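Worth saying up front: this structure is predicted, and the values here are computed from it rather than measured. Residue numbers start from 1 in every chain, and the chains themselves are labelled A, B, ... in the order their sequence lines are given, proteins ahead of strands.
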Number of protein chains: 2
Amino acid sequence: MAGNIEAICRELGLRLTGPRRTIMQVLSDSSDHPDAIELHRRVTAIEPTISLATVYRTVNLLREKGVLERHNFGNGRARYETAASEHHDHLINVETGDVLEFHSEEIERLQEEIARAHGFDIVSHKLEIYVRPRKRPRGAGQS
Amino acid sequence: MAGNIEAICRELGLRLTGPRRTIMQVLSDSSDHPDAIELHRRVTAIEPTISLATVYRTVNLLREKGVLERHNFGNGRARYETAASEHHDHLINVETGDVLEFHSEEIERLQEEIARAHGFDIVSHKLEIYVRPRKRPRGAGQS
DNA sequence: GCCAAGTTGCGTCGCAGTTGCAAAAAGTCG
DNA sequence: CGACTTTTTGCAACTGCGACGCAACTTGGC
């Protein structure tokens, strides 16, 4: 991914600066969905002078360019991930905050159908399933 | 619904105050999905002395008690609706901000399947389809 | 190396929502 | 009904995330 950084900057007419290099490096090294502060933490671990404002600006820039996606999983802080080539939705573990990705062609199709039935075109959509590890693999009644 | 207000307060151990009566009245009269400020606007049209803080506090209270649901459709302001007996998802018209509700048993089932396949139980979920009115009813290809 | 343009860090601002506090209202009991 | 306790309210100050203006500083082209 590192090789991409220069290409992306050139392509987007952005200057290849130290902070950007670091931030993009951290982003492509992150397989989870960090928020801006966590991103800043990771970035400053490498290059301590980079400010939070720059993280915000870079992240917005990359999002506008379609390089990043921003999600809001409900704790008030936006979380980021590098835009995948293929669309996916999210399973959020409410106990740990971890996020798993999934994709269901069937659900996509059903959404398409629903939108159409109402006379709309889909601009985007968001499916988040908030889950917790299942305690009782099978049987065993509960409250 | 008006009759509910007293019942709800009693049941929840809340005092039946003027502001609460007005706010709950407005809520049950609202079939759209107003945000806190719009709610406050409507409330103060009836009783001008009620403060925004009280609207927030009441709305949070009712949400904790399961009377209201809060959504975040992406403009930074949370929007509220009275909790329906039946779960539903949302179609958001990005041009107007209007919200339509829908329900798909099939999608629900598929989500259940997906969660289970990953070893989770669903706590809740959120499906939002952001749409715009379709300009070209049929035919007329475009890139 | 020099210069114009883009970028950064800092501090500040804005907005949505929350909270501490003192005053006011609700419910309770005699 | 009136005194008393507890909950609510309005106000204003505050919080947290994120955005922004500005002066100083890099970047990349010549």
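The rotation axes computed at either terminus of the helix from dG1(C)-dC30(D) to dG30(C)-dC1(D) lie 30° apart, taking five pairs at each end and rounding to 10 degrees.
Extent of DNA chain C lying under 4.0 Å from chain A heavy atoms, first and last nucleotide in 5' to 3' order, is dA5(C) to dC10(C). Of all nucleotides in DNA chain D having an atom under 4.0 Å from a heavy atom of chain A, the first and last in 5' to 3' order are dC17(D) to dG28(D).
Distance alone, capped at 3.5 Å, is enough to place a donor-acceptor pair between the His40(B) side chain and the Ile50(B) backbone. Counting only distance, with no hydrogens or angles, the side chain of Asp35(A) and the backbone of Ile37(A) share a donor-acceptor pair below 3.5 Å. A donor-acceptor pair is defined here as one N or O able to donate and one able to accept, closer than 3.5 Å; such a pair exists between the side chain of Ser28(A) and the backbone of Met24(A). Between the Thr44(A) side chain and the Glu47(A) main chain, no donor and acceptor come within less than 3.5 Å of each other.
In summary, Asp121(B) and Arg132(A) do not engage in a salt bridge, as defined by a charged side-chain N under 4.0 Å from a carboxylate O. A salt bridge does not link Arg109(B) to Glu112(B): none of the charged nitrogens lies less than 4.0 Å from a carboxylate oxygen.
Of all heavy-atom pairs spanning Arg79(A) and His33(A), the tightest one is NE-O, 2.6 Å. Looking at every heavy atom in both residues, Leu39(B) comes nearest to Pro34(B) through CD1-CG, 3.5 Å.
Residue contacts for Arg15(A): at a heavy-atom cut-off of 4.0 Å it reaches a base atom on one of the strands shown.
If you find the closest nucleotide of DNA chain C to Arg77(B) and to Leu16(B), the one lying nearer the 5' end belongs to Arg77(B). Take the nearest nucleotide of DNA chain C for Arg79(B) and for Gly18(B): the residue whose nucleotide is more 5' is Arg79(B).
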Would you please test His88(B) and Glu81(B) for side chain to side chain donor-acceptor pair (under 3.5 Å) and show each step?
CA-CA 12 Å; His88(B) 58 255; Glu81(B) 70 175 318; 3.2 Å; yes
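Contacts between residues 46-61 of chain A and DNA chain D, counted as heavy-atom distances below 4.0 Å, involve Ala53(A), Tyr56(A), Arg57(A), Asn60(A).
His118(B) and Phe120(B) have parallel rings, their planes meeting at less than 30° on a 0 to 90° scale where 60° marks the start of perpendicular.
In this structure Arg70(A) satisfies the side chain to side chain contact (heavy atoms under 4.5 Å, CB included) test together with Asn60(A), Arg63(A), Ala78(A), Tyr80(A), sequence neighbours excluded.
Residue Phe73(B) belongs to a hydrophobic cluster whose other members are Val123(A), Ile92(B), Val94(B), Val99(B), Tyr130(B), with links defined by side-chain heavy atoms closer than 4.5 Å.
Counting heavy atoms from C-beta on, the side chains of Pro19(A) and Thr58(A) never come closer than 4.5 Å.
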